Amino acid sequence: MDHNVIELFDITKKYGSFTAVDHLNLTVKKSEVFGLLGPNGAGKSTTILMMLGLTEPTSGSVSVCGINSTTNPIEVKRKVGYLPEDVGFYNDLTGIENLVYTARLNGFSRNEAEKSAVKFMKRVGLSDDINKKAGKYSKGMRQRLGLADVLIKKPEIIILDEPTSGIDPTGVRDFLNLIVGLSRQDGITVLFSSHNLHQVQQVCDHLALFVKGKIIADGNVQDLSVKLFGNEPFIISAGISLNVNNVNPEEELKKIEGVTTISREKNIFNISCSKDITSEIARVIVNSGMNLNYLQRKEYGLDEIYNRYFEGEEKHERK
Amino acid sequence: MRPFWIIVSKEISDQIKSWRFIIMVGIILLTCFGSLYTALSNIGEAISKVKDVGDPFLFLKLFTVSDGTMPSFFVFVSFLGPLLGISLGFDAINSEFNKGTMSRILSQPIHRDNLINAKFMASLIVISVLFFVMGFLVMGIGLIAIGIPPTAEEFMRIISFLLLSIFYVAFWLNLSILFSVCCRQAATSALSGVAVWLFFSIFFDMIIKIISRAMAPNPGFMHRAQLYGEQNFIMHLMRLSPTHLFSDATTTLLMPSVRSLGPLTMEQVSGAIPSPLPLGQSILLVWPQVTGLIAATVICFALSYMLFMRKEVRAR
C-alpha cells in the first residue's frame, strides 16, 4: 500500500521566458488525500496538466501509476479522473447523457454506461435531477455532476483542480466529505489543489505548499509547522493580571524549560515554546502568586503557515 | 465502438438537433423546391429550343434550367453551400473551450486529434446525407413530373455533381473549423467565415474586373497571342477563388456541351464536331478544378489540425 502513484522528477515548464513550474519534485503515495496548496498562478494547474499529459514539461519526467504521462498519456488518462476548475458540460444534454458520453469514451457499452451513470448520480446526490438538462444545473450541482463524471470511469487517482471555487460553505463541506468518504471507501488516491487553507486542512493527509512554481515545504500539517517554525511549534497565550508579590512575570516564565521567546501585549503574554508545556506554565504562574485569568494553547494553523511564508517572501524580496 | 465513432455519433446528433442546422436545411429545401418548380415549368420551352431532337441530356436540365426569375439548383448550391459549411463548423473548437468541456473531454482516454477529426467527420457525414437526399429528391420528383428516366450517364453526372458539391461545402466547413481554432469567440469566427464567403462570392469578381481593365490595352492594338495570354492570365486569377472553381466544375459536369473552360483558338476548334462530351472527358476537363478544391480543403484542415494540436488546454 505504501508505494508512490504519482512521481514528478525535476520538472520544469516554461512559457517563453516565464517559468511556471521550476525544477519540481513531488511524490504522492497510494490512497492518500494529497493537497496542493498555493496562491493563484503558483503553477498548480500547470503541474496537474503535465500529470495528465495535456501539456508537455520543458524538462524532467512525470510518471503516474508507473506510466510516463508525456509519452503515454492515453494509459494515464484511463487511470486518472480529472475534474478541472469550473467544469463544463454539454448544456443541451441531460445530466445522465453527459455521464453516459464520458463512460462510453472510456470503453463502456451503452448498457453498462447507463447503469453506472444512474448509480453514480445517486452516489453524489443527484438522483432527482438525472433527466434535467445540464444547462439548468446550479453551480454546486454541476460540481457534483463533475465528481460523478470523474468517478464513472473507475479511476485509481482523482485529480481535483480548485474543486470548491464558487460553491457556498455548506456545499463545500458536503463536497469535501464526499471526496474523503470516497477515498477511504474505495482506496482512491486524491490529489486536490486549492488556495483555501482551511479546506485543505480539513481533508488532506499530506500537503505541499506551492509558490511560484516551487514546493517550499511538504508533509502533514504538523510537519509543515515544524519545518517552517523550527523549534517553536507552539504558542501559549496567558492573560495575567497584576500580582500581589510584585514579581516580573516574564522572568518567572523564562525559567521554565522549553520556553524560547516571550512577547507582551498589555496583560497578554505570548509564550513561544518548543513543546507543549501549558500545564507547567499554569503552575508557575499560580505558584508565584499572579492571577491567571486566561490561558490558551495555539497550534500553528495553515493561516500562520501561509502568513509566515509570505512574510519571509517579502523580506526576501526587500533584500 | 472506438472512441472516435462515439464522438462522431454525438456530434452528428448535436448538429441535427441544433436550431441553426434546422434553419439552414429549411432554407436549402425551400430554394431546392423553388428551383425545381421553375425548372419544371420551363423545361418544355428548353426542350423546344434544342435544335437536334436527339439531345440526350434532358434530365440534367432539371438542375440547370431557369427562366431568370429564380436561379437554378446548382446556382443555389454554389451560393448556399458555403453558408451551410460555415454554419456547421464555426464553433466546432472554440465552443468547447468556452463551455469548459474541452479539458474534461481531453482528460478521457482519447487522442487529442480524435476530437477535431471526429468533428470534421460528423459534419461531413451530415452534409453528404443532406446533399444526397436533396439530389435524389429532385431526381425523384423530376422523374414523376416529366416521366423520362435518366440515362446511366446522366445519373453518373448527377452523382459526380453531388460529390463535387460535398467537396465544395467541405472546403467551407474546414475554413470555418480553422477560424474556430483561431478565434476564441464563436461570433468572431462566424463573422470571419461569412466575410471570406462574401469576398469570394461578390467582391472577388469585381476586383478581377478592375485588374483586367487596368491591365488590358486597347484590344485593337494587341497581337492575337497577347490577347490569348491576357485572357489566360485573367482566367488563372479567377481560379484562385473556390467559388469559381466550383462553378466551372459544375457547369462542365451538368452541361455536357461545354467543351472547354478557357479560350479556344480557331485552330483548336476547327474540325471539332459540335457534340456533347462523354462523362470521362468532362471529368478530365474539370480534374484541375476538383484537385484545386480538394487541395484547398486539405490545406485548411491541416492548418486547423496543427494549430489545435499545439493549443494549450486550460479550463476556460
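Everything numeric here is computed off the predicted structure, so don't read it as measured data. Just so you know, these numbers use all the heavy atoms, side chains as well, and skip hydrogens, waters and symmetry mates. Proteins come first, then strands; the chains are lettered A, B, ... in the order of their sequence lines, and each starts at number 1.
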With under 30° as parallel and over 60° as perpendicular, where do the rings of B:Phe74 and B:Phe161 fit, or are they tilted in between? perpendicular
Under 3.5 Å donor-acceptor, A:Asn98 side chain and A:Phe89 backbone: no
Using a cut-off of under 4.5 Å for heavy-atom pairs, which of A:Asp161, A:Ile159, A:Leu52, A:Thr102 has the most such pairs with chain B? A:Thr102
Of all of B:Ile105, B:Ile7, B:Thr101, which one pairs up most often with chain A through heavy atoms under 4.5 Å apart? B:Thr101
Check whether any side-chain N or O of A:Gln143 sits under 3.5 Å from a backbone N or O of A:Pro163 as a donor-acceptor pair, and report yes or no. yes
Residue pair B:Gln108 / A:Lys153, side-chain donor-acceptor N/O under 3.5 Å: yes
Does B:Ala92 offer a backbone N or O that forms a donor-acceptor pair with the side chain of B:Glu96 under 3.5 Å? no
Non-hydrogen atoms of A:Leu207 and A:Phe34 that approach each other most closely: C-CZ, 4.5 Å
Answer yes if the ring centres of B:Phe79 and B:Trp197 are under 6.0 angstrom apart, and no otherwise. yes
Using non-hydrogen atoms and a limit below 4.5 Å, what part of residues 90-97 of chain A faces chain B? A:Tyr90, A:Leu93
More than 12 heavy atoms from other groups under 6.0 Å of NZ on B:Lys311: yes
How are the rings of B:Trp172 and B:Tyr168 set relative to one another: parallel (under 30°), tilted (30 to 60°) or perpendicular (over 60°)? perpendicular
Heavy-atom proximity to chain B below 4.5 Å, by part of A:Thr46: both
Any donor-acceptor pair under 3.5 Å from A:Ser183 side chain to A:Thr189 backbone: no
Using heavy atoms and a sub-4.5 Å threshold, report which of residues 110-124 of chain B line up against chain A, by residue number. B:Ile110, B:His111, B:Arg112
Counting N and O atoms only, with roles assigned by atom type, does the side chain of A:Glu114 sit under 3.5 Å from a partner on the main chain of A:Asn111, one being a donor and the other an acceptor? no
